[in-house]
Q: 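Could you have a look at this structure, given as structure tokens, before my questions?
In listed order, ligands and their atoms are each counted from 1.
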Amino acid sequence: MKLIIGSHVSFNKDTQMVGSIKEAVSYGSNTFMFYTGAPQNTNRSDIKIDLIKEADNLMKENNIDKNNIVVHAPYIINLANSEKSYDFSINFLKQEISRCEKLGINKIVLHPGSHVGLGEEAGLDNIVFALKEILKTKTNVKILLETMAGKGSELGKTIDELKYIIDNVNSDNLGVCLDTCHLNDSGIDLTNFDSYLKDFDKKIGINKIGCIHINDSLNPISSHKDRHANFGFGNIGFNTLIDIVYNPIFENVPKILETPYVTKDANSKERIYAPYKYEIEMIKGKEFDKDMIEKIRNN
Ligand code: FE
Ligand code: FE
Ligand code: ZN
């Protein structure tokens, strides 16, 4: 089976996707995900058209299919709370979608939102209203709602919540991005992934899954924490994650690592080394390397 795999990479204003592609290729990836600017703010530089041709050539040289590249919307967008920066969030997501169109990217991952005290029902209805408004404009870009850990008042933490949004927005431009760390933290037993998929297929449809974030979790099942761990180094574990990566149902679905950078040494808090080249190597070899973190530090 072919493997479509990559990681989160950077995107800076000078090199834009050309820089992202070079970074992805250095990890052995054949896809990647990026934020069009800092994830926690909305400062965005203009898309440079002249870099797009260069990016297209680089992708061709490295067998990267543009259809597998994913943008992640910034987390400050919150479509669930209509009392706080709601119009801003709607407009900013519209702009992100048009940036995706300029870049030729057709998938954008979105955290559905947090209701912040309004209640789940009102929060879900706010998300539905906002997405309907955003998708009034015809686009090739698919919005992928991410499965959330259920931290604070996050919505999209159950299949039923995602189903409610998807059914009510009723658009071909809406899909789902699974995140294994979030699923674990939300209460899904990933050692029994087939039963989750069965339920998902019955309620939403497996064909709606457009991306998978493959992260381990620092916390046990149902912890509602959302803290990512390196692949195989958390509570989900290597074999369970490998089974998900190599599930033939997802052969054509991009798998993206959002695992944490490795610290300089065991006592340091400063995360400086990207783990992705090593993690992708382990995933391709299907064999866990318990010394991976040490190897990264010593390299
Ligand atoms: Fe996310
Ligand atoms: Fe994620
Ligand atoms: Zn997360």
Q: What atom name does the N, O or S atom of Asp179 nearest to the Fe ion (ligand 2) carry?
A: OD2
Q: When the aromatic ring centroids of Phe11 and Tyr35 are compared, is their separation below 6.0 Å?
A: no
Q: Quick check on side chain to side chain contact (heavy atoms under 4.5 Å, CB included): which of Ile212, Ile221, Ile188, Asn215 does Leu183 satisfy it with?
A: Ile188
Q: Give, rounded to 10 degrees, the angle between OD1 (Asp226) and NE2 (His182) as seen from the Zn ion (ligand 3).
A: 90°
Q: From Asp179, does some N, O or S atom reach closer than 2.8 Å to the Zn ion (ligand 3)?
A: no
Q: Taking everything shown except Glu121 itself, do over 12 heavy atoms lie less than 6.0 Å from its CD?
A: no
Q: Does His72 bring an N, O or S atom to within less than 2.8 Å of the Fe ion (ligand 2)?
A: no
Q: Is the distance from the Zn ion (ligand 3) to some N, O or S atom of His228 under 2.8 Å?
A: yes
Q: Are Asn67 and Asn106 close enough that a side-chain donor and a side-chain acceptor fall under 3.5 Å?
A: yes
Q: The Fe ion (ligand 1) to His213: any N/O/S contact under 2.8 Å?
A: no
Q: Looking at the Fe ion (ligand 1), is there an N, O or S atom belonging to Glu146 that lies under 2.8 Å away from it?
A: yes
Q: Compute whether any side-chain donor of one residue and acceptor of the other, for His72 and Glu146, lie under 3.5 angstrom apart.
A: yes
Q: Any idea which N/O/S atom from His111 gets closest to the Fe ion (ligand 1)?
A: NE2
Q: What's the atom name of the N, O or S in Glu258 nearest to the Fe ion (ligand 2)?
A: OE1
Q: Quick one about Asn12 and Asp14 (side-chain donor to acceptor, distance below 3.5 Å, no hydrogens or angles considered), yes or no?
A: no
Q: Aromatic rings Phe34 and Phe32: how do their planes relate, parallel, tilted or perpendicular, breaks at 30° and 60°?
A: tilted
Q: If I take every N, O or S atom of Cys181, is at least one of them less than 2.8 Å from the Zn ion (ligand 3)?
A: no
